[in-house]
Amino acid sequence: MRSHTSLQVRLPVLIFVMEIVMLVLYSFFVTYDDNGNAKLQNNQTDPMENSLYRDYPYFADVQVMIFVGFGCLLAFCRFYGFSGMVFNFLTAAFSIQWAILFACAVVLISYGAVLGKTSPVQLVVMAALEIPVFAVTEWAVLKYIRINDAGGTILIHLFACYFGLGVTFVLYRPCLNSGHPKETTSYHSDILSVMGTLFLWVFWPSFNSALTFKGDDQHRAVLHTFIGLSSSTITAFALSAMFNKRGKLTMADIQNVTLAGGVTVGASVDMMISPAAAFALGIMGCTACFFGYKYLTPFMAKRLRIQDQCGIHNLHGLTGIISSTAGICAILLATEETYGPSLYQIFSHRAPPEGDPKLLELQQLIPGLKPGLGRTAKEQALFQLAAVFATIAASTVGGLLTGLMMNLKFMASPSDEDCFDDELFFDLELSDTACHGIISAVSFYSE
Amino acid sequence: MRSHTSLQVRLPVLIFVMEIVMLVLYSFFVTYDDNGNAKLQNNQTDPMENSLYRDYPYFADVQVMIFVGFGCLLAFCRFYGFSGMVFNFLTAAFSIQWAILFACAVVLISYGAVLGKTSPVQLVVMAALEIPVFAVTEWAVLKYIRINDAGGTILIHLFACYFGLGVTFVLYRPCLNSGHPKETTSYHSDILSVMGTLFLWVFWPSFNSALTFKGDDQHRAVLHTFIGLSSSTITAFALSAMFNKRGKLTMADIQNVTLAGGVTVGASVDMMISPAAAFALGIMGCTACFFGYKYLTPFMAKRLRIQDQCGIHNLHGLTGIISSTAGICAILLATEETYGPSLYQIFSHRAPPEGDPKLLELQQLIPGLKPGLGRTAKEQALFQLAAVFATIAASTVGGLLTGLMMNLKFMASPSDEDCFDDELFFDLELSDTACHGIISAVSFYSE
Amino acid sequence: MRSHTSLQVRLPVLIFVMEIVMLVLYSFFVTYDDNGNAKLQNNQTDPMENSLYRDYPYFADVQVMIFVGFGCLLAFCRFYGFSGMVFNFLTAAFSIQWAILFACAVVLISYGAVLGKTSPVQLVVMAALEIPVFAVTEWAVLKYIRINDAGGTILIHLFACYFGLGVTFVLYRPCLNSGHPKETTSYHSDILSVMGTLFLWVFWPSFNSALTFKGDDQHRAVLHTFIGLSSSTITAFALSAMFNKRGKLTMADIQNVTLAGGVTVGASVDMMISPAAAFALGIMGCTACFFGYKYLTPFMAKRLRIQDQCGIHNLHGLTGIISSTAGICAILLATEETYGPSLYQIFSHRAPPEGDPKLLELQQLIPGLKPGLGRTAKEQALFQLAAVFATIAASTVGGLLTGLMMNLKFMASPSDEDCFDDELFFDLELSDTACHGIISAVSFYSE
């Protein structure tokens with residue numbers, strides 16, 4: 001048994017310590033909000049007005065993306081299917097305890113940068129550190145910079161991407177630059193992975209629309225995601241065939257590049273950008289993603305010591321940057337002529353501040369409109385830009401520091417030759433010779 | 001490299017031309033409807049009344065059917081799993097851009113007739129042509145004949161079936177009649193395919209109920225589909241064992257015949273047919289479908305030159321005919337005694353026309369009841385019959401013409417010996433030796 | 001052909017007889033309830049108030065669990081994937097006809113006790129008998145003992161577990177105690193099975209919350225399930241590594257033990273137990289489940305003649321007992337101080353009886369509060385305990401008797417050496433050499 005990668009002590013100790021801490025924190029700090037508190041229900045309460053009914057459908061869809069979608073997608077490696085799918089499971093479950101659902105997506109995206117090179121101990125540590133960094137960054141950006149980011153382009157995709165790149169930079173393994181014999185797919189792993197793609201595709205409209213205002217905003221968000229995904233999908237097929245020497249399709253493109261549109265519409269997903277613009281964004285994001293996989297990722301590995309295992313920089317970084325740019329343009333181009341008074345609801349920081357007579361006028365037209373900061377379009381656009389830089393900076397630094405933590409001893413980090421191999425962390429002898437119940441129990445455990 | 005099936009130029013050119021056309025069309029013609037237009041929201045608007053909340057759950061379920069359900073189901077062939085699942089993905093994404101969701105289902109059903117014998121170029125052409133034919137047929141039937149077809153039996157299943165048969169008639173390959181060495185399943189492809197069946201089964205009630213009136217109509221539609229599917233499922237098991245020489249079950253039956261009930265309840269799915277009738281319809285449709293696979297499909301291949309690869313005529317044609325007949329009977333038997341005044345809501349063309357005093361009476365009982373054509377039950381039944389014939393005619397002709405287009409040169413059509421083989425269109429060398437990120441990038445793309 | 005396991009006559013006969021009986025029963029007894037009856041819709045009816053819209057989302061999620069989740073999960077055995085997934089399909093479809101959805105879950109849980117050792121004929125018989133026993137037990141407990149069991153801990157999990165153990169006790173096969181050569185997993189079957197786990201995980205909040213009151217109760221149910229599942233998941237990883245000689249993870253643990261939290265929160269899932277308590281319950285249930293697999297299941301097989309194939313006693317029995325205990329504690333600790341007047345809504349049997357002036361007071365605060373039995377907390381706790389014993393007793397006896405029925409001749413029961421083998425009941429020759437449509441039709445059926 002390779003003792004430096006044995007999980008027998010490290011993983012349980014880490015998990016139990018985390019769980020005790022979590023349990024104590026939950027006991028002191030986690031209570032029911034108003035929607036979950038029985039005491040606050042009274043004779044005015046309409047049960048069907050509970051926030052559950054607005055949010056649960058979207059929540060459940062995102063759960064499918066996270067556990068099944070990502071799980072299958074990350075199972076593409078021939079000898080690393082268990083690890084891909086199951087470490088995704090572990091990391092997701094831990095992240096979910098530690099933070100809200102979308103923070104979980106952040107950790108799983110970052111995992112893509114280091115897939116195959118880490119132990120579950122390292123992954124739990126990564127989740128433990130990434131989530132507070134994410135939460136603080138998100139809080140700071142939303143509180144001090146104040147931006148529009150309904151699809152989570154900046155706060156989720158860009159954050160996750162650059163955090164992951166920071167981690168993988170520290171965990172650089174020079175010997176892996178010429179590849180690894182087990183870094184391969186099989187027919188079945190490729191099919192499983194593309195099933196993951198399909199799940200992500202189907203539920204992405206829920207992801208992008210989960211945080212918008214209800215009503216027409218959410219409706220547009222679903223529509224734009226749908227359009228953006230379909231245009232990036234078919235463009236991916238075209239580019240894949242076009243740039244393949246044998247004129248064939250490459251499964252890696254179908255698994256990843258097809259999804260680019262979902263990210264690229266994100267920053268403007270609830271805005272009145274027009275369906276054609278969503279279509280165009282899908283094409284643009286897909287193209288950037290495709291050429292990123294082809295040229296940028298190898299460049300980053302060879303020249304910048306950034307081994308981006310799943311190419312997350314293509315699917316979340318490049319697309320995120322395009323998306324943020326599109327969002328900024330949409331903000332600059334937004335007028336009352338196109339939006340009506342809803343302009344001040346979607347771009348809430350542009351609403352007049354408290355006390356401004358224009359606010360009262362608007363509140364006649366949009367009941368419940370909250371006071372804003374009275375920003376102009378240009379000001380809001382500048383703040384969006386500031387948020388992009390701030391997020392990339394915070395996530396990169398956070399990733400580098402987390403990578404250093406993950407690089408400490410006793411993290412069960414695999415040696416170079418043991419990467420991409422389930423056999424390191426999963427008892428495959430047990431799988432092949434026995435299974436549940438009696439036999440595994442009687443013959444094996446009774447030794 | 002087989003140049004006549006290389007996708008390197010054909011597929012990108014086709015797709016990019018389509019996308020430019022689509023983008024231009026979107027720019028000029030595709031706008032937000034009232035539910036997506038921010039400008040139309042005012043102080044009377046209740047965001048939760050947005051159509052999104054009524055439709056999105058059903059929409060999302062149908063998406064799962066289309067991408068995951070069909071995707072897995074069509075991955076049954078041992079050496080054609082990539083093609084089945086991924087061409088389904090491409091065709092679905094393209095169709096979705098080109099038309100609404102249900103048109104997409106139409107194309108994917110037709111694909112089942114020609115699975116294994118076509119290139120993705122041919123499939124995109126098929127989608128490009130089938131959807132306008134579908135749209136025009138649907139428009140003409142709904143506008144001029146005016147029928148009840150909540151479950152899409154006539155307009156979706158019958159259309160898709162006969163269109164697909166038209167295509168496959170033109171694409172007849174005499175050498176494939178005695179089979180093909182690669183036209184086989186494997187243990188894993190069979191499991192994947194039956195997973196597709198399970199997804200389709202679970203979400204079929206959403207499909208059948210998505211277009212009904214809300215309320216009790218939709219409730220009945222869910223119920224009937226559920227009952228019809230469960231009776232066709234267990235009947236399928238019985239027939240499969242009964243007619244197998246070794247007294248065993250055949251996976252092909254479990255994958256296909258179990259679903260017959262979903263189609264067979266379709267034309268009467270929102271009517272007061274009684275749960276027992278839905279049960280009986282499931283049994284009937286399943287039986288027809290089973291014997292269709294056994295006798296009719298080989299007959300059609302040998303004698304009529306119609307090679308129905310997945311037996312879509314059994315699952316959509318025969319069942320669609322039984323369903324339409326049941327729908328006609330239900331229409332003939334519908335009385336105010338069973339339905340109450342709702343009769344004129346469900347059978348909307350039977351409602352009294354504008355100006356008729358009976359209409360006003362009924363509108364007291366059913367607020368918002370739209371004026372109809374004052375048809376009798378017999379008249380409506382005759383129109384249903386007319387719609388069946390018209391749809392079959394239009395789809396057959398459309399399919400034949402589309403087949404001729406697909407048969408043109410430069411469509412990358414596989415030779416007979418290259419059918420049922422992923423290797424023709426997918427870079428399997430790339431899959432087997434390298435995967436994402438660094439190695440595929442560094443070692444392969446840097447050649 | 002092994003005639004004693006041929007399904008050629010037995011299965012069709014059984015199914016057709018069942019279906020005729022079912023059809024007759026449906027014709028006479030199954031009608032539309034108010035929500036499905038067109039006649040009852042009038043000008044006061046709001047279509048969106050139909051119960052469909054409250055229930056269908058949860059219903060659909062549970063369907064995914066039952067068909068896809070269980071289907072994949074039970075496909076873990078290397079040579080028994082078809083049987084696991086497809087017999088799950090058959091049994092589910094039959095159960096669904098025969099009873100409501102949750103009764104279906106009961107049968108599928110019990111199936112886990114005998115997986116690999118039964119024929120589909122025996123499974124249909126088991127479903128045919130288990131469902132009435134379940135229905136009667138549920139009716140009797142709810143009517144005479146009157147308990148809180150929103151998550152179905154007692155009425156679903158405990159029932160299913162002990163019924164299954166009763167069946168497997170009768171079907172004891174001494175030769176299988178030292179294992180079976182085909183009782184093994186493969187890489188692919190393990191991945192498929194853990195996909196099933198992921199589906200069950202994702203939708204378990206829907207399962208646990210489907211039967212609660214709407215509003216804050218359902219909100220808490222979703223929350224507690226989510227928390228309980230995440231804590232049992234990561235604890236499962238920890239224990240799996242800790243107790244493995246090589247310090248590695250065991251897939252069987254990831255597939256089963258991770259889910260323990262979902263059951264363990266069940267009996268108190270809608271109560272104000274605090275998030276920390278849900279967290280702790282997840283850890284407790286997971287720990288009991290893990291050690292159950294390790295020690296209790298082999299003990300039960302060797303000493304008590306109970307061969308629990310999938311270890312359902314660990315995932316549904318032990319956890320169910322802990323859950324029921326927690327529920328009882330929660331009931332004893334419930335005060336108006338924590339719940340407000342909602343106390344009498346959740347613990348409906350504690351509400352004052354008809355005529356009691358306190359009832360009128362409470363009905364001011366909780367409109368529509370139903371009269372109860374005026375029970376004290378202690379009384380309700382005692383009744384819960386009584387329900388646990390009654391359910392375990394009824395299900396055990398029911399299981400034993402059902403096992404005796406299943407043990408009769410002509411049930412196509414596999415011999416010991418034919419267990420765990422798809423080849424017994426599935427035509428694998430047909431799978432390997434031909435598939436749908438033409439070839440299977442032309443070359444094979446035309447013999």
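Side chains are part of it too, since the values below use all heavy atoms of this structure and drop only hydrogens, waters and symmetry mates. Reminder, nothing fancy here: chain letters follow the sequence lines and each chain counts from 1.
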Would you mind checking which part of [X] comes under 4.5 Å of any heavy atom in chain A, side chain (CB onward), backbone (N, CA, C, O), both or neither?
X	result
B:Leu25	neither
B:Val64	both
B:Met195	side chain

Tell me, for [X] versus chain B, whether the close heavy atoms (under 4.5 Å) come from the side chain, the backbone, both or neither.
X	answer
A:Leu223	side chain
A:Thr233	side chain
A:Pro57	neither
A:Thr197	side chain
A:Asp217	neither
A:Leu369	neither
A:Thr235	both

Strictly by modelled atom types, are A:Asp270 and A:Thr212 linked by a side-chain donor-acceptor pair under 3.5 Å?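 No, because no side-chain N or O of A:Asp270 sits under 3.5 Å from a partner of the opposite role on A:Thr212.
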Do you see a donor-acceptor pair shorter than 3.5 Å between the side chains of A:Asp190 and A:Thr185?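 Yes - a donor-acceptor pair under 3.5 Å links their side chains.
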Mutual orientation of the aromatic rings belonging to A:Phe290 and A:Phe243 [parallel < 30°, tilted 30-60°, perpendicular > 60°]: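 Plane angle between 30° and 60°, so tilted.
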Could you state the interatomic distance from CG (B:Leu123) to CD (B:Glu130), rounded to the nearest 0.5 Å?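 It comes to 10.5 Å.
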Side-chain contact, heavy-atom cut-off 4.5 Å: B:Phe16 with A:Leu239?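 Of all side-chain heavy-atom pairs linking A:Leu239 with B:Phe16, at least one is under 4.5 Å.
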